[in-house]
Amino acid sequence: MDLWILATIAATIFQTLRFMLQKQLSMGALSTGGATFARFAYSAPLLAAALGLWLFASGAEIPEVSARFWIMGAIGGLAQILATVCVVALFRARNFAVGITFKKTEVMLSVLVGLVILGEGVSALGFAAILVGLCGVLTLSKTPDAAGHWTQRIFTRAAALGLGSGVLFAISGVTYRAATLDVGSDAPLLRAALTLSAVTMMQFSAMALWLRWREPGQVRAVWDARRKAVWIGLSSVAGSLGWFVAFTLQTAAYVNALGQVELIFSLLVSVLVFKEKLSPREGFGIGLLSLSVLLLVWAVA
């Protein structure tokens, strides 16, 4: 089995664990911003230390990077921060499995982002996959027991957060791949580790300043919640390293497509950990999105 496949599957497992912990903290000790910041607060120092030890032990030098590396990394880091905020906020409105499914619209949206930014077209099968996915999103968008006109029931805050996270994660995946390809090294792990460490440190600094300005007390709250929040950092390190290795070895479209196995893990967490129940409509919507992913994988294969 190819390394990028193993790295992607491992990344989805650790990412599901991280989102599970963030959901728990965002519903109690921390705000949405605080739960998002916990990821970077406990992962950035670990990544910097691990990279330093690796370079020291191996005797390797830090590879050369250009200005494009920092630009792509900064764009991807900002997009990932905003996407994570959207997902954590979505967890407050809908159950875990539905929230993760909304996030996974990044596979379909990455095709649209590629069309707009890079001018990359899609096949007829790819377009069909996008339409099926849109039906799934519309099915999931309706909040259970919601009243009012059908437009108010479908075009909800939860739908906006979910689709927003999908667009932002799609952007971060493409820009992260661009950054890793700009590292002057032939070692995939070193390229991934350097990019991940640089991006995470930028995210840590930016979010710390933002919270000090907009949400005084949340930085302290993240420290007070360290017994649980530190596991967010550890799972984030493992998951992010898996994603970066995969993006280094394979195109973002294929990596994101395989990453849909996260839906299976999210369903298990939703039912077994949070004791949440899926309505038949939500199950049908998840099924449509899963079908769209399979069609999209077939289209790009």
Mind checking the OG-CG spacing from Ser43 to Leu234? Nearest 0.5 Å is all I need.
9.0 Å

Shortest non-hydrogen separation from Ile81 to Thr36 and the atoms involved:
O-CG2, 4.1 Å

Pair Arg191-Leu181, side-chain contact (heavy atoms from CB on, under 4.5 Å): steps then yes or no:
CA-CA 8 Å; Arg191 288 159 57 190; Leu181 294 177; 3.2 Å; yes

Could you tell me which non-hydrogen atom of Val222 sits nearest to which non-hydrogen atom of Gly34, and how far apart they are?
CG2-O, 3.4 Å

For the hydrophobic clusters of this structure (ILVMFWY residues joined by side-chain heavy atoms under 4.5 Å, transitively), does one cluster hold both Trp223 and Phe204?
yes

Between the main-chain N or O of Ala192 and the side-chain N or O of Tyr176, is there a donor-acceptor pair closer than 3.5 Å?
no

CZ/Phe69 to CG/Asp182 distance, rounded to the nearest 0.5 angstrom?
7.5 Å

Minimum heavy-atom separation for Ala79 to Ile171, with atom names?
CB-CG2, 4.2 Å

Here the pair of heavy atoms bringing Gly184 nearest to Pro63 is O-CB, 3.5 Å

Any sub-3.5 Å donor-acceptor pair from Gln218's side-chain atoms to Leu211's backbone N or O?
no

Measuring from atom OG of Ser172 to atom CH2 of Trp243, what distance do you get when rounded to the nearest 0.5 angstrom?
10.0 Å

Under 3.5 Å, side chain of Ser235 to main-chain N/O of Ile232, donor-acceptor pair present?
yes

Which heavy atom of Gly73 sits nearest a heavy atom of Ala179, and at what distance?
N-CB, 4.2 Å

So how far is it from Phe37 CZ to Trp210 CH2, rounded to the nearest 0.5 Å?
14.0 Å

For a quick check under 3.5 Å, do Ser240 and Arg39 share a side-chain donor-acceptor pair by atom type?
yes

Step by step, would you call Ile71 with Thr175 a side-chain contact (heavy atoms from CB on, under 4.5 Å)?
CA-CA 9 Å; Ile71 293 173; Thr175 53; over 6 Å; no

Start with the C-alpha gap between Gln203 and Thr200, add the side-chain angles, then the distance that decides, and say whether side-chain contact (heavy atoms from CB on, under 4.5 Å) holds.
CA-CA 5 Å; Gln203 291 171 318; Thr200 306; 4.2 Å; yes

If I take atom NZ from residue Lys228 and atom CG from residue Leu30, how far apart are they, to the nearest 0.5 angstrom?
10.0 Å

same_hphob_cluster(Val199, Trp70) at 4.5 Å side-chain heavy-atom cutoff
yes

Side-chain donor/acceptor of Ser197 to backbone N/O of Leu194, under 3.5 Å
no

For Thr8 and Trp4, indicate whether the former's side chain and the latter's backbone hold a donor-acceptor pair under 3.5 Å.
yes

Within a radius of less than 6.0 Å around CD1 of Ile62, do more than 12 heavy atoms belonging to other residues, nucleotides or ligands occur?
no

Answer with yes or no whether the hydrophobic clustering places Leu82 together with Phe40; edges join I, L, V, M, F, W, Y residues whose side-chain heavy atoms lie under 4.5 Å apart.
no

Residues which pass ring-ring contact (aromatic ring centres under 6.0 Å, His included) with Phe14, listed by chain and number, not counting sequence neighbours
none

When clusters are formed by joining ILVMFWY residues with side-chain heavy atoms under 4.5 Å apart, either directly or through shared neighbours, do Leu209 and Met201 land in the same one?
no

Would Trp213 and Val219 show up in the same hydrophobic cluster when neighbours are defined by side-chain heavy atoms closer than 4.5 Å?
yes

Leu51 side, atom CG; Leu190 side, atom CG - distance, nearest 0.5 Å
7.0 Å

Which pair of heavy atoms, one from Gly239 and one from Ala11, lies closest together, and at what distance?
O-CB, 3.4 Å

For the CZ atom on Arg226, are there more than 12 heavy atoms of other groups (residues, nucleotides or ligands in this structure) within a distance under 6.0 Å?
yes

